[in-house]
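Report on one structure; see the data block that follows.
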Amino acid sequence: KNGDNYRFQITIKYKDEDKLLKVLRDLEELYIVNKKVYLEIDLNPSRIWYNKVGDKMKDLRVIFMGTPDFSVPILASLIVNTNVILVVTKIDQKVGRNQKLSFSPVKKLALENNIPLFQPEKIKTDYQVILDLNPDIIITCAYGQIIPKEVLNCPKYGCINVHASLLPKYRGAAPIQWSVLNGDKETGVTTMYMDIGIDTGDMILTEKVEIGEDETTGELWNRLSKIGANLLVETLKQIENGTAPRIPQSDDFTLAPMF
């Protein structure tokens, strides 16, 4: 109990995980106004997306690079399914009138799971820590800096990015904001092999979603982050099986720079 509010933890037994996920998504934001009850289902991948990629991937040595809350479900799915040996995130920022140091959401999750952190001010020149760890794969999602080719060429399986658009549309730092601003009817998430360009690498998987008529940027942001976590899991499965495609992007692209 917290004041006038009560918090319950419920254990659900199930046989079909896909059906369970559908039910949880349907229930995720359920309001029972007349009884003043608000039900919120936690769809954190670290709690429900278990054993998606097989035991083989548990030994996959992963470095994750990301910063905002959009990246948190991505990291959570990696924590469950792989061996995350390092999290790279932006340096702590001073916020508010008192200029108090604030951690990124990704850093908070890493600390909660006792994962080593690396916060270079400029990854362009300060990356030896990553090379020394010799990771099998690097996963990035909204890290916030351009990653140098020395890092891109380091991992055995390459660097994989989770990007919140249907590439090659909306390359850049603000694809969700631009899709809503432009009144798009659909968007999605793409996993891709990284190269030295900005979101120009070969695509692996995509998942399309419709944008609700009244859906806000924040709502779409939260929805796509969860879709991205699940799409990454499927991407890792295909990398594990040697079936992950490499689909070159067309030259018909649009840019989505930060506002």
Side-chain angles (χ1 to χ4, degrees), residues 43-46 49 57 60-93 102-124 126-127 129-130 133 135-148 151-152 154-155 157-165 167 170-177 188-195 198-199 201 204-205 207 217-218 220-236 239 256 258:
L43 289 182
N44 188 321
S46 65
W49 282 320
M57 298 299 284
L60 188 71
R61 301 173 71 254
V62 176
I63 290 178
F64 178 74
M65 306 177 71
T67 298
D69 54 355
F70 184 90
S71 307
V72 168
I74 312 298
L75 174 56
S77 66
L78 291 171
I79 291 171
V80 170
N81 288 294
T82 69
N83 176 21
V84 182
I85 59 174
L86 181 71
V87 167
V88 184
T89 190
K90 293 181 72 174
I91 61 174
D92 302 337
Q93 302 293 319
S102 176
F103 296 168
S104 74
V106 162
K107 179 175 179 176
K108 292 177 182 178
L109 182 59
L111 290 172
E112 290 171 2
N113 288 273
N114 300 311
I115 300 172
L117 281 156
F118 179 44
Q119 295 178 267
E121 185 172 355
K122 294 183 179 180
I123 192 70
K124 182 178 180 180
D126 187 5
Y127 54 76
V129 170
I130 296 173
L133 286 173
D136 294 321
I137 194 168
I138 293 176
I139 307 296
T140 72
C141 180
Y143 170 53
Q145 295 191 51
I146 296 176
I147 299 171
V151 174
L152 296 176
C154 170
Y157 295 111
C159 294
I160 308 299
N161 178 244
V162 181
H163 185 75
S165 80
L167 290 170
Y170 296 138
R171 293 175 180 171
I176 298 175
Q177 294 91 325
V189 179
T190 303
T191 54
M192 52 170 283
Y193 290 101
M194 297 182 67
D195 60 18
I198 298 177
D199 302 323
I204 307 173
L205 299 178
E207 182 168 340
T217 298
L220 184 59
W221 174 285
N222 293 333
R223 189 156 64 99
L224 290 181
S225 69
K226 296 168 186 174
I227 291 171
N230 207 26
L231 190 66
L232 175 61
V233 170
E234 181 60 32
T235 298
L236 291 177
I239 290 175
M258 187 64 71

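Gly201 and Met192 get closest at one heavy-atom pair: N-CE, 3.3 Å. When all heavy atoms are compared, the tightest approach of Pro135 to Ile130 is CD-O, 3.6 Å. In terms of heavy-atom proximity, Val162 sits nearest to Cys141 at O-SG, 3.7 Å. Taking all atoms of both residues into account, the shortest heavy-atom contact from Ile115 to Val84 is CG2-O, 3.8 Å. In plain terms, the two heavy atoms of Val151 and Cys159 that are nearest each other are O-SG, 3.8 Å. Closest approach of Pro155 to Leu152, counting heavy atoms only: CD-O, 3.6 Å.
For Thr191, the side-chain hydrogen bond (donor to acceptor under 3.5 Å, both in side chains) test picks out Thr235, with sequence neighbours left out. Residues passing the ring-ring contact (aromatic ring centres under 6.0 Å, His included) test with Phe70 are Trp221, sequence neighbours excluded. Asp195 pairs by the side-chain hydrogen bond (donor to acceptor under 3.5 Å, both in side chains) definition with Thr200, not counting sequence neighbours. Partners of Glu207 according to the side-chain hydrogen bond (donor to acceptor under 3.5 Å, both in side chains) rule, which considers only residues two or more places apart in sequence or in another chain, do not exist here. In this view, Ser104 and Thr89 satisfy the side-chain hydrogen bond (donor to acceptor under 3.5 Å, both in side chains) rule, not counting sequence neighbours. Applying the salt bridge (charged side-chain N to carboxylate O under 4.0 Å, His left out) test to Lys90 and every residue at least two apart in sequence or in another chain returns nothing.
Put simply, CD1 on Ile160 and CD1 on Ile139 are 5.5 Å apart, with the number rounded to the nearest 0.5 Å. A distance of 12.5 Å separates CD of Gln145 from OG1 of Thr140, quoted to the nearest 0.5 Å. Between atom CD1 of residue Ile147 and atom CD1 of residue Ile198 there is a gap of 11.5 Å, rounded to the nearest 0.5 Å. Atom CG of residue Asp199 and atom CE of residue Met194 lie 7.5 Å apart, to the nearest 0.5 angstrom.
Atom CG of Leu117 is surrounded by more than 12 heavy atoms from other residues, nucleotides or ligands within 6.0 Å. Annotation: Ile91, atom CD1; neighbour count of heavy atoms from other residues, nucleotides and ligands within 6.0 Å is above 12.
For the pair Asn83/Asp136, no side-chain contact is recorded, criterion being any heavy-atom separation below 4.5 Å from C-beta on. In this structure, Leu236 and Leu78 have side chains that are in contact, with non-hydrogen atoms separated by less than 4.5 Å. Between Val62 and Ile85 there is no side-chain heavy-atom pair separated by less than 4.5 Å. Using a 4.5 Å heavy-atom cutoff, the side chains of Leu205 and Leu232 are not in contact. Side-chain contact between Leu224 and Ile227 is present, with at least one heavy-atom pair separated by less than 4.5 Å. Within the 4.5 Å cutoff, no side-chain heavy atoms of Val72 are placed close to those of Lys108. With a 4.5 Å cut-off on side-chain heavy atoms, Leu86 and Val129 count as touching. For the pair Ile123 and Met65, the minimum side-chain heavy-atom distance is below 4.5 Å.
In this structure, the side chain of His163 does not engage the main chain of Ala173 through any donor-acceptor pair within 3.5 Å. Checked by atom type and distance alone, the side chain of Asp126 never pairs as donor or acceptor with a backbone atom of Pro120 at under 3.5 Å. Proximity of a side-chain donor or acceptor of Thr190 to a complementary backbone N or O of Ser165 within less than 3.5 Å is detected. Side-chain N or O atoms of Arg61 include one that pairs as donor or acceptor with a backbone N or O of Leu133 at under 3.5 Å. Formation of a donor-acceptor pair under 3.5 Å by the Asp69 side chain with backbone atoms of Pro105 is not found in this model.
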Query raised in the report: Given Phe64 and Ile138, is the side chain to side chain contact (heavy atoms under 4.5 Å, CB included) satisfied, shown in steps?
Result: CA-CA 6 Å; Phe64 178 74; Ile138 293 176; over 6 Å; no
Report task. Could you check Ile79 against Leu109 for side chain to side chain contact (heavy atoms under 4.5 Å, CB included), going step by step and ending with a plain yes or no? Result -> CA-CA 10 Å; Ile79 291 171; Leu109 182 59; 4.1 Å; yes
Query raised in the report: Yes or no on side chain to side chain contact (heavy atoms under 4.5 Å, CB included) for Val88 and Gln119, after CA distance, side-chain angles and deciding distance?
Result: CA-CA 6 Å; Val88 184; Gln119 295 178 267; over 6 Å; no
Requested in this report: Take Ile239 and Leu60 through the side chain to side chain contact (heavy atoms under 4.5 Å, CB included) test and state the conclusion after the steps.
Outcome: CA-CA 11 Å; Ile239 290 175; Leu60 188 71; over 6 Å; no
